[in-house]
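First comes the structure, then the notes that go with it.
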Amino acid sequence: MFRVFGRHEFSLSEGEIQLRRKKQRRIILLVIAILILVAAGFVSARPAFNAIRAWQARRHAQKAYALIDQEKWGDARSEATAAYQLRSTEPEAIRAVARLLSRAGQADALKFWKELEAKARLTRTDLRDEAGVAMQGRELDAADHAIKELLSNREGGPIPTDWLLAADLALQEQDPDRATVCVREVFANNGAANRDLFTATLLLDRILHTKEGKDRTEVLERLVRLARGNDTVALDALVVLAQSVLGSNEGSPNPSGMSDDDIVHTLETHPLAKPQHILLAIDLRIHLHPDQQDNLLQGAITQFKSGDNATLLALARWLNTRGEYQRELDTIPRQRAMQTRELFLQHVDALGALGRWDEIRRLIESEQFPLDPVVEHMYLARCFAQQGQASGAENNWTRALQAAAGDLGKLMVLGDYAEKNGASDVASAAFEAAVAVAPKSRPAQQGRLRVAYATLDTKKIHAILIDLVKLWPNDPAVQNDEAYMRLLLLPSEPSAPGAQKSEVSGQTSDVSSPLHAPSSEASASVNAAADLPELKSIESLAEKLVEREPASLPHRTVLALARLKQDRPADALSVYKDINVPRSAVSTSSMAVHSAVLAASGHKEEARAEFSLLAVDKLLPEERALEPR
């Protein structure tokens, strides 16, 4: 092989040629190295970029945590959003969003906790937030999982807050005995803060309300001990004690040394007491000395009428709550009432209570005080309705709906106001619009369901409950209510016309079935056979619900009705064995079903007596059909 030399190379010595060749090799190696570095930089640039974004996301998340603790929700949302947008797979970014949504009570937090748990172990703080928001959203399985972790021995074991969450869950699951055990753990903890002890005492009171005839002495004694201090917990305990006295027709409900007069004095002189606390003390004085009511009312007005706007608002609310509408108008002149929106609305409410609707309408239409369009049209609609001007009312309700469109908060205000004032169509439209904005909003869905219940339309109620089961498939209350409505809409299995077979003796007894009246025995048998699998499915669901929440009367009601629909009255009656429910906790629906079970089991007189206690006009048509004959 021949090598071609450049012309100038013939004049170089052999040593110079070797030196040039070495230099060329160095240049080639340098170029190769540069190319390798460029390629490596291209490959590693993205991981480095991602690492920087992850660091930035963690920094925003830390800021979000601090802002959440300070309850600066707007700024916290900005920081948490920035963290998640920078790197949505970063655990701290996910945690920031989950914590923010949890503290805001939004059920969407649960999907972020689940996402975080797949990437990192949840801290005890995480688990508390997850449990709290799960219970708010009635996601009891998620709450149970988190609380079991909190009650384990990891990271030092449970603290009083964890036992309080466990007690709250037990109450939601209608297990007062388990709740009592959890509350006792808080009381036994020498390091429990006063706030924890106060919360545990309130939970104990809730537990006792589930048990008829239980003595509240321990609750009141614990409240008195807490009320002796100078902190916010002591003030809250005093408020509960005062409300207990106001709710009692007897003397002081407190057997442990703090008399009614002591409660009044301590509430009035507490260093943190605000006008509303002192007004509560005056309420208590009026309760104890009704003959002094006028003097006490005038004394309160004299004491607070020259206060700032917050003080005047407390006074206005207090006077309106007591039905002292003219005194409210006389005490707070219109010009002063127009200094804040809240004072103005109290002024309008007082006018409305006195029937001065034309005055309200002229006041609002004059636009002397600018109101939100939704509130303005709500009040005008009420004015026109009270004055018998249906078209004016309808027009303003429509404008209110239009003004509230797309705004969940405004739609809820409108829905609640319309519902309270008998405008059920408007309330329904507002809640439906609210659900369209936020399908998982519990208040919106509950409002929608309340309005449906008011129509006594079982099919409409059931249709809504089907939607709710899709949204919250693990909520026992939703499962129970949907199953109950489905049962009401199903026919029952027929027996011989006008008689029913007793499962106790196996003989046909003269017990008329209140659950069906088939036009044809053969056709009814066909329908019953077709519905039997569904009845069995509902019975199975109800059995699981009762197993989970044994003290739940609604669950037992569904189970009893499912068995009764299958012509098994003895099995239906056995559902009520060993259950003790306070009379105040018994719903009309539960009583209607129970009376039907009694009648089908041969206790016809007792059944009729029980059904006669019900407000029949409040029952659904299918429930009225349960009336014992």
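Only this structure's heavy atoms are used, side chains among them; waters, hydrogens and symmetry mates stay out. Model, not experiment: these values are computed from the prediction.
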Nearest 0.5 Å, please: how far is [atom2] in [Y] from [atom1] in [X]?
| X | Y | atom1 | atom2 | answer |
| --- | --- | --- | --- | --- |
| F344 | R336 | CZ | CZ | 16.0 Å |
| H270 | D236 | NE2 | CG | 9.0 Å |
| R327 | D294 | CZ | CG | 5.0 Å |
| C383 | E359 | SG | CD | 10.5 Å |
| L380 | L371 | CG | CG | 9.0 Å |
| L246 | H287 | CG | NE2 | 6.0 Å |

Is there a side-chain contact between [X] and [Y] (heavy atoms, below 4.5 Å)?
| X | Y | value |
| --- | --- | --- |
| W318 | D283 | yes |
| L101 | V97 | yes |
| I278 | Q303 | yes |
| N395 | H377 | no |
| I147 | D162 | no |
| P158 | R124 | yes |
| W472 | K440 | yes |
| Y65 | R99 | yes |

Is the backbone N or O of [Y] less than 3.5 Å from a side-chain atom of [X], with the two atoms forming a donor-acceptor pair by type?
| X | Y | answer |
| --- | --- | --- |
| N480 | P476 | no |
| T557 | L553 | yes |
| T455 | A452 | yes |
| Q445 | P439 | yes |
| S366 | L363 | yes |
| D372 | V374 | yes |
| S590 | V586 | no |
| D262 | S259 | yes |

- Query: Can you check side chain to side chain contact (heavy atoms under 4.5 Å, CB included) on R382 and W357, steps first, answer last?
  - Reply: CA-CA 8 Å; R382 179 91 191 281; W357 300 105; 3.4 Å; yes
Under a 3.5 Å threshold, yes or no: a donor from one side chain and an acceptor from the other, between [X] and [Y]?
| X | Y | answer |
| --- | --- | --- |
| S589 | E623 | yes |
| E324 | N320 | no |
| D75 | S78 | no |
| K274 | Q276 | no |

- Item | Check against side chain to side chain contact (heavy atoms under 4.5 Å, CB included), R222 and D205 | CA-CA 11 Å; R222 290 187 177 279; D205 202 25; over 6 Å; no
At their closest point, which heavy atom of [X] faces which heavy atom of [Y], and how far apart are they?
| X | Y | result |
| --- | --- | --- |
| V437 | L411 | CG2-CD1, 4.1 Å |
| L312 | G307 | CG-O, 4.0 Å |
| A337 | H347 | CB-CB, 3.9 Å |
| A192 | V186 | CB-O, 3.8 Å |
| A281 | L267 | N-CD2, 3.8 Å |
| F187 | A200 | CE2-CB, 3.6 Å |

- Message: Before you tell me yes or no, could you show the steps for Y453 and I464 under side chain to side chain contact (heavy atoms under 4.5 Å, CB included), namely the whole-Å CA-CA distance, both residues' side-chain angles and the distance that decides it to 0.1 Å?
- Response: CA-CA 10 Å; Y453 268 107; I464 294 174; over 6 Å; no
Any ion pair linking [Y] and [X] (charged N to carboxylate O, less than 4.0 Å)?
| X | Y | answer |
| --- | --- | --- |
| R184 | E218 | yes |
| D475 | R442 | yes |
| K420 | D416 | no |

- Item | side-chain hydrogen bond (donor to acceptor under 3.5 Å, both in side chains) assessment of R334 paired with Q368 | CA-CA 11 Å; R334 180 168 297 174; Q368 296 180 49; over 6 Å; no
- Run the numbers on R317 and D349 for salt bridge (charged side-chain N to carboxylate O under 4.0 Å, His left out), then give the verdict. CA-CA 10 Å; R317 284 174 174 163; D349 285 345; over 6 Å; no
- Task: Could you tell me whether H265 atom NE2 has more than 12 heavy atoms of other residues or ligands within 6.0 Å of it?
- Result: no
- Q389 CD: over 12 foreign heavy atoms closer than 6.0 Å: yes
- Task: Walk me through it: do R178 and E173 pass the test salt bridge (charged side-chain N to carboxylate O under 4.0 Å, His left out)?
- Result: CA-CA 10 Å; R178 191 172 96 237; E173 294 180 334; 2.7 Å; yes
- Message: For W73, does the six-membered ring have the charged nitrogen or CZ of R103 within the cation-pi criterion, i.e. under 6.0 angstrom from the centroid and within 45° of the normal?
- Response: no
- Item | Cation-pi check, R341 onto F369 ring (under 6.0 Å, within 45° of axis) | no
- Apply salt bridge (charged side-chain N to carboxylate O under 4.0 Å, His left out) to R285 and D260, showing your working. CA-CA 9 Å; R285 286 190 184 277; D260 297 340; over 6 Å; no
- Task: Check the pair F304 / L279 against side chain to side chain contact (heavy atoms under 4.5 Å, CB included), numbers first and verdict last.
- Result: CA-CA 10 Å; F304 294 115; L279 290 167; 3.8 Å; yes
- Message: If you apply the rule salt bridge (charged side-chain N to carboxylate O under 4.0 Å, His left out), what do you find for K460 with D457, and how did you get there?
- Response: CA-CA 5 Å; K460 183 176 182 179; D457 185 336; over 6 Å; no
